[in-house]
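Scroll down for the structure; my scribbles are underneath it.
Throughout, a chain's letter reflects where its sequence line sits, starting with A, and its residues are numbered from 1.
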Protein chains: 2
Amino acid sequence: MGEGNTYLCKACACSSVSVFKSLSNEEHELLSSKLKCNFYKKGDILYREGSRITGCYCVQKGVLKIYKTGIDEKPQIVAFARPGDITGYRSVLSNEVACTTVEALEDSEICFIPSEIIFALIKKNSDFALSLIQLTCKELNQANSYIKDIAQKTVRERLAETLIMLYETFNVDAEGYITINLTREDLSSIVGTATESVIRILSELKSEGLLELKGKKIKILDLKKMKLISDSIF
Amino acid sequence: MGEGNTYLCKACACSSVSVFKSLSNEEHELLSSKLKCNFYKKGDILYREGSRITGCYCVQKGVLKIYKTGIDEKPQIVAFARPGDITGYRSVLSNEVACTTVEALEDSEICFIPSEIIFALIKKNSDFALSLIQLTCKELNQANSYIKDIAQKTVRERLAETLIMLYETFNVDAEGYITINLTREDLSSIVGTATESVIRILSELKSEGLLELKGKKIKILDLKKMKLISDSIF
DNA sequence: AAAAAAATATGACATTAGTCAATATTCAAT
DNA sequence: ATTGAATATTGACTAATGTCATATTTTTTT
């Protein structure tokens with residue numbers, strides 16, 4: 001892990017897509033003067049479910065997987081975080097122990113933002129507070145949708161949905177492969193099924209001409225049909 | 001439905017458990033001067049998924065069920081609202097159409113709070129904003145937990161969990177029956193399963209001495225054992 | 001109170017998805 | 001390049017759960 005430093009973190013403090021977009025120049029200064037940017041290697045744990053955290057984490061570079069631990073230590077992935085996203089703010093704001101474990105999926109640069117700063121910004125800037133509320137509301141709605149899907153759809157439908165989500169979240173490389181490396185096990189802990197089922201259905205979808213597989217890389221060949229499957233229409 | 005009126009709504013404006021606890025006297029005045037309290041009959045719909053709403057709803061009396069509509073119009077219950085709870089704030093704050101349908105489970109009195117008031121209060125009072133953030137964070141965490149459970153637990157385990165949740169949320173009457181009337185179908189749309197499965201497992205649990213059933217009324221006889229089942233230990 | 005509608009209950013059966021075991025492949029470290 | 005470990009794959013089997021049909025009971029309406 002690299003040492004912390006205090007330069008202005010472009011991905012979080014400045015990004016127009018991030019929750020920090022409503023900060024004034026002065027507030028940006030305050031924020032960036034307190035940031036500590038750290039390097040995490042693939043597989044590193046930022047924090048574990050149940051531990052106390054003293055600030056939030058903002059992704060500058062890389063990808064994080066965020067999961068809860070269930071029966072027999074089986075992880076359930078509930079979200080990813082990409083550059084511009086923040087994580088840990090829930091526990092910070094509610095002053096509770098972390099409700100998820102966060103792990104770097106690839107080598108990543110992550111800024112740490114101490115709790116006080118977040119609280120100070122909420123106090124100072126009601127637009128920032130509103131952005132935070134909107135962010136959590138959006139995530140809450142997504143979570144509720146996923147509850148509905150996981151309760152009502154088949155594994156095949158959920159896998160199709162997950163692939164589309166990954167496609168939309170991480171885009172594709174020059175060859176059309178989704179630019180994220182997940183193990184079959186990771187996929188199974190998003191979909192909520194056994195690893196073997198993911199493998200079987202992936203090759204099914206491949207033989208139906210919907211997918212191309214090259215190791216962990218996945219290319220969606222027929223997005224339209226994939227959406228139909230995901231919507232339980234097909 | 002009854003006519004709106006402007007008296008101070010005790011359940012929402014004053015409740016120390018509600019999100020409004022951090023309001024000043026002056027802000028309470030503002031809030032209660034704008035409230036409209038309405039009566040809804042059992043089965044009445046407050047608003048439907050996809051419709052525009054212009055404020056939030058605060059439960060004064062009664063119970064609301066909050067659900068998303070899935071495949072073949074099958075509802076998935078994602079929450080209940082009891083006196084002191086508010087609903088609709090997500091769509092209001094994000095300025096999006098309602099993401100759930102809300103229905104009165106029993107005859108209810110519900111206050112309507114226009115959007116402007118909510119926004120004004122966020123702007124004026126950062127503690128109120130923080131309360132709202134904390135509320136959504138708490139709900140988000142619950143939703144993520146439920147995703148984990150629904151993905152990893154069996155129907156039996158989830159039903160046990162649901163019964164415990166209902167027990168803790170709605171308490172029991174003098175005879176020990178949980179004080180909420182849900183159809184087996186309602187139960188199935190919480191648990192995420194077929195109605196027949198709920199019926200079967202309920203009578204299983206009854207024959208195992210864990211439950212007493214009297215029509216829709218449910219009494220948990222062995223909470224400890226029920227928790228073990230819910231935790232996949234038994 | 002009677003009739004109709006809705007909800008509950010049960011059995012038989014089909015389907016889905018999970019588990020276990022064996023093998024193959026890929027990846028990482030030396 | 002070689003070894004070992006992790007990951008992926010496949011098949012056989014089992015368990016869980018959904019679906020459909022039908023009967024019964026409860027609730028609501030007239």
Side-chain angles (χ1 to χ4, degrees), chain A residues 41-44 65 70-76 103 105-107 149-162 177 180-207 211-218 229 232 234, chain B residues 41-44 65 70-76 103 105-107 149-162 177 180-207 211-218 229 232 234:
Chain A
K41 280 188 70 165
K42 177 178 173 176
D44 281 351
K65 78 171 173 189
I71 320 298
D72 294 329
E73 300 293 290
K74 191 173 159 57
Q76 178 68 35
E103 175 185 332
L105 263 181
E106 35 186 80
D107 293 356
D149 291 338
I150 213 165
Q152 299 191 359
K153 289 183 178 178
T154 64
V155 170
R156 182 182 160 93
E157 288 161 0
R158 267 147 48 206
L159 179 57
E161 183 181 13
T162 297
Y177 289 94
I180 187 171
N181 275 321
L182 295 175
T183 63
R184 303 295 192 245
E185 202 181 348
D186 282 332
L187 276 174
S188 79
S189 24
I190 307 172
V191 173
T193 189
T195 308
E196 292 94 327
S197 297
V198 166
I199 291 168
R200 263 183 260 271
I201 297 170
L202 278 180
S203 54
E204 245 177 69
L205 293 171
K206 181 184 169 187
S207 72
L211 284 183
E212 212 159 277
L213 300 171
K214 197 162 81 179
K216 296 201 198 327
K217 291 283 179 196
I218 298 174
I229 293 174
S232 321
F234 188 58
Chain B
K41 280 188 69 165
K42 177 179 173 176
D44 281 352
K65 79 172 170 188
I71 319 298
D72 295 328
E73 300 292 291
K74 191 173 160 57
Q76 177 69 35
E103 175 185 331
L105 263 182
E106 35 188 80
D107 294 355
D149 291 338
I150 214 164
Q152 300 192 359
K153 289 183 178 179
T154 64
V155 171
R156 182 182 160 94
E157 289 161 359
R158 266 145 50 205
L159 180 56
E161 182 180 15
T162 297
Y177 288 94
I180 188 170
N181 274 323
L182 295 175
T183 64
R184 304 294 191 248
E185 203 181 346
D186 282 333
L187 276 174
S188 78
S189 10
I190 306 172
V191 174
T193 188
T195 308
E196 293 93 328
S197 297
V198 166
I199 291 168
R200 262 183 260 271
I201 296 170
L202 278 180
S203 54
E204 246 177 66
L205 293 171
K206 181 184 167 186
S207 72
L211 285 182
E212 212 159 279
L213 300 171
K214 197 161 83 181
K216 296 203 198 327
K217 292 282 181 196
I218 298 173
I229 293 174
S232 320
F234 188 57

**Request:** For A/L202 and C/dT25, give me the distance from atom CG to atom C1', rounded to whole Å.
**Result:** 16 Å

**Message:** What is the distance, to the nearest angstrom, from the CD atom on B/E157 to the C1' atom on D/dA16?
**Reply:** 12 Å

**Item:** Whole-Å distance separating the NZ atom of B/K153 from the P atom of C/dG18
**Value:** 17 Å

**Request:** Indicate, yes or no, whether a donor-acceptor pair under 3.5 Å links the base of D/dT26 to the side chain of B/R184.
**Result:** no

**Candidate nucleotides D/dA21, C/dG18, D/dA8, ranked by approach to the side chain of B/E196 - the nearest** = D/dA21

**Item:** Under 4.0 angstrom between B/K216 side-chain N/O and C/dT8 OP1 or OP2
**Value:** yes

**Asked** Has the side chain of A/R200 got a donor or acceptor atom sitting under 3.5 Å from an opposite partner on the base of D/dG11?
**Response** yes

**Message:** Nearest 0.5 angstrom please: A/R184 CZ to A/S189 OG, how far?
**Reply:** 13.0 Å

**Asked** Where do A/T193 and A/K74 come nearest, in terms of heavy atoms and distance?
**Response** O-NZ, 3.4 Å

**The single option from B/V198, B/I201, B/I150 passing side-chain contact (heavy atoms from CB on, under 4.5 Å) against B/V155** = B/I201

**Message:** Is it the case that over 12 heavy atoms from other parts of the model lie below 6.0 angstrom from the CD atom of A/E106?
**Reply:** yes

**Asked** Looking at A/T193, does any N or O in its side chain come under 4.0 Å of the phosphate oxygens OP1/OP2 on C/dG18?
**Response** yes

**Request:** Report the distance from atom CD1 of A/I199 to atom P of D/dT7, rounded to the nearest whole Å.
**Result:** 12 Å

**Request:** Hey, which sits more toward the 5' end of DNA chain D by its nearest nucleotide, B/K42 or B/T154?
**Result:** B/T154

**Spacing between B/N181 atom CG and D/dT28 atom P, to the nearest angstrom** = 10 Å

**Complete:** Rounded to whole Å, CD1 of B/I201 lies from C1' of D/dG18 at a distance of 12 Å

**Prompt:** Of all heavy-atom pairs between B/Q76 and B/I190, which one has the smallest distance, and what is that distance?
**Reply:** NE2-O, 3.3 Å

**Fill in**
When rounded to whole Å, the CD to P distance for the pair B/E185 and D/dT26 reads 19 Å

**Prompt:** Distance check: side-chain N/O of B/S203 vs OP1/OP2 of C/dA9, anything under 4.0 Å?
**Reply:** no

**Message:** Give me the atom names and distance for the closest heavy-atom approach of A/R158 to A/K153.
**Reply:** NH1-O, 3.2 Å

**Asked** So with a 6.0 Å cut-off around NZ of B/K206, is the heavy-atom count from everything else above 12?
**Response** no

**Asked** Within the pair A/S197 and C/dG18, is there a side-chain N or O less than 4.0 Å away from OP1 or OP2?
**Response** yes

**Request:** Could you check how far NZ of B/K214 sits from C1' of C/dT8, rounded to whole Å?
**Result:** 18 Å

**Prompt:** Out of D/dA8, C/dG18, C/dA7, which has the shortest distance to the side chain of A/T183?
**Reply:** D/dA8

**Complete:** If each end axis of the helix from C/dA1-D/dT30 to C/dT30-D/dA1 is fitted on five C1' pair positions, the angle between them, to 10 degrees, is 60°

